[in-house]
Enquirer: 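Just passing along the structure, written as structure tokens.
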Amino acid sequence: MIIAVASGKGGTGKTTVATSLALSLAPDNPVLFLDCDVEGPNAHLMLKPSLAHREDAFLLIPAVDEVLCDHCGICAEVCQYQAIAVTGRRVLVFPEMCHGCGSCALNCPARAIREVPHVLGTLESGNTPEGIRFARGVLTVGEILAVPVIRQLKMSHPAQIGETVIIDAPPGTSCPVVEAVRGADYVILVTEPTQFGLHDLKLAYELTCELGLPAGVIISRDGIGDREVDDFCLHVGLPVLLRIPMERAIAAGIAQGLPLVSLRPEYNALFKELFLTVAGVSQ
Amino acid sequence: MKIAVSVKAAKSGAAFDPRFGRAGAFVIVDTNTGEQQAVANPAAQFGGGAGIRAAEFLVRHDVEAVISGAFGPKAYDVLHSSGVRLYQAKSGTVDDLVARLLKGDLDAAEGD
């Protein structure tokens, strides 16, 4: 069972939900937690894992052997991202443009292109005190390709039999989010009952429809804003799974790195119930 | 010598385009024959990497010097490494800009 927590709008409470869901399940189920928000991973602040193991996250980019190269230009023609320029006299590779598809090496008639690793970030993993298997990707500052880091994070940490996987997705609805939620059995969309929350919830909901993934909504900061998020959910048939009220004490606790289920232990039962609902829907 | 000038569109009398990678077209002037050829920029509508492809395109046209408003760092790398000289201008007609270049009145461009 893979549950992805996504949001559209940033700062709605994805990590608050994902970490508390993981903590509520951990006493009874083996849990794997993947922090896929590689541009700003922060779930470790609440789950406090060891992060003892580290490996590079990388992309395979072309390295051209200028002796073998006859400057035919096919590599530049097949590149969809203008990562190679062939000028007749020279071949230039722009690593920051490359998406690592390998088309240049595959199509080179002179076999002059080798693929070499270009490090994009780090994968870090370890266990939390509760025994949750935890892993996160960290994109190096200055690098722009989050997707390969997320892909490698997921591939390097497959679920073991019987394990529940909780994925903390990046905000937004762009490629990194698609990569993070791809393969999930259910997507929890966390939103706030404001116009911004509603606007981005609509986009995130469309994304789950496009990918054919069942989804439900958690409304955080409930009590602020208006009723339009509720109206939208009712209109499109999105279930509202849980409401987390706007309370200063919750916000203050989370700002100190305390999980919601520690601040409000009654949420343990609510998250377990939510998990059973979600597991029922996705079967 | 062949000199390329970035312009808005591939037609005679088109206005100077200060953008390099997303210029609508280039006028390539052959100073030996006086011949002028307007060619559409194949990279004008690219989402990314337009400067790289536009630069590659001009090198393949055996251009030896380029006049534009500004060059991005990647376009600069492609042109510079192929021995093409880069010049910056703010405005002017193609004939006027080429004349200024030949008189030594245009500044050499640095990669931005």
Side-chain angles (χ1 to χ4, degrees), chain A residues 39 59 61-67 69-105 107-110 112-113 118 120 139 141-148 172-176 178-179, chain B residues 1-6 17 19-26 28 30 37 39-68 70-87 109-112:
Chain A
E39 288 175 79
L59 190 71
I61 67 163
V64 181
D65 184 333
E66 293 267 11
V67 177
C69 175
D70 58 8
H71 303 97
C72 72
I74 289 176
C75 55
E77 260 170 53
V78 298
C79 181
Q80 299 298 299
Y81 298 98
Q82 337 310 337
I84 299 191
V86 181
T87 61
R89 285 155 269 181
R90 293 287 309 275
V91 182
L92 284 92
V93 175
F94 296 95
E96 67 272 36
M97 309 295 284
C98 180
H99 283 53
C101 73
S103 295
C104 53
N107 286 286
C108 176
I113 300 180
H118 169 71
L120 295 174
L139 185 69
V141 172
E143 292 291 345
I144 54 172
L145 284 183
V147 169
T173 45
S174 61
C175 300
V178 174
E179 188 60 37
Chain B
M1 176 167 70
K2 278 187 175 178
I3 302 168
V5 182
S6 58
D17 193 335
R19 302 170 305 167
F20 174 71
R22 290 192 173 75
F26 298 98
I28 299 173
D30 188 329
Q37 182 196 4
V39 287
N41 174 11
Q45 304 297 327
F46 278 18
I52 295 171
R53 273 299 170 266
E56 190 187 56
F57 176 73
L58 292 180
V59 173
R60 287 185 180 190
H61 273 79
D62 298 321
V63 161
E64 290 152 88
V66 183
I67 304 170
S68 188
F71 300 87
K74 300 188 195 78
Y76 181 88
D77 283 351
V78 174
L79 293 168
H80 189 73
S81 71
S82 299
V84 179
R85 280 168 291 163
L86 294 80
Y87 294 92
E110 299 294 326
D112 287 338

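Convention: sequence-line order gives letters A, B, ...; per-chain numbering from 1.
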Enquirer: What I'd like to find out is whether the side chain of B:Ile52 reaches to under 4.5 Å of the side chain of A:Met97, using heavy atoms alone.
Expert: yes

Enquirer: With side chains defined as the heavy atoms from C-beta onward, is the minimum distance between B:Lys74 and A:Glu96 less than 4.5 Å?
Expert: yes

Enquirer: Side chain, backbone, both or neither: which part of B:Phe57 has a heavy atom under 4.5 Å from chain A?
Expert: neither

Enquirer: If I compare all heavy atoms of A:Thr87 with all of B:Val78, which pair ends up nearest, and what's the gap?
Expert: CG2-CG1, 3.6 Å

Enquirer: Return yes when atom CD of A:Glu66 has more than 12 non-hydrogen atoms of other residues, nucleotides or ligands closer than 6.0 Å, and no otherwise.
Expert: yes

Enquirer: Taking atom NE2 of A:His71 as the centre, does the number of heavy atoms from other residues, nucleotides or ligands within less than 6.0 Å exceed 12?
Expert: yes

Enquirer: Pair A:Val86, B:Arg60 - check side-chain contact (heavy atoms from CB on, under 4.5 Å), show working.
Expert: CA-CA 9 Å; A:Val86 181; B:Arg60 287 185 180 190; 3.9 Å; yes

Enquirer: Can you tell me how far the NE2 atom of B:His80 sits from the CG atom of A:Leu92, to the nearest 0.5 Å?
Expert: 11.5 Å

Enquirer: Minimum heavy-atom separation for B:Ser81 to A:Arg90, with atom names?
Expert: CB-NH1, 3.6 Å

Enquirer: Okay, side chain of B:Arg53, backbone of A:Ala76: is any donor-acceptor separation there less than 3.5 Å?
Expert: yes

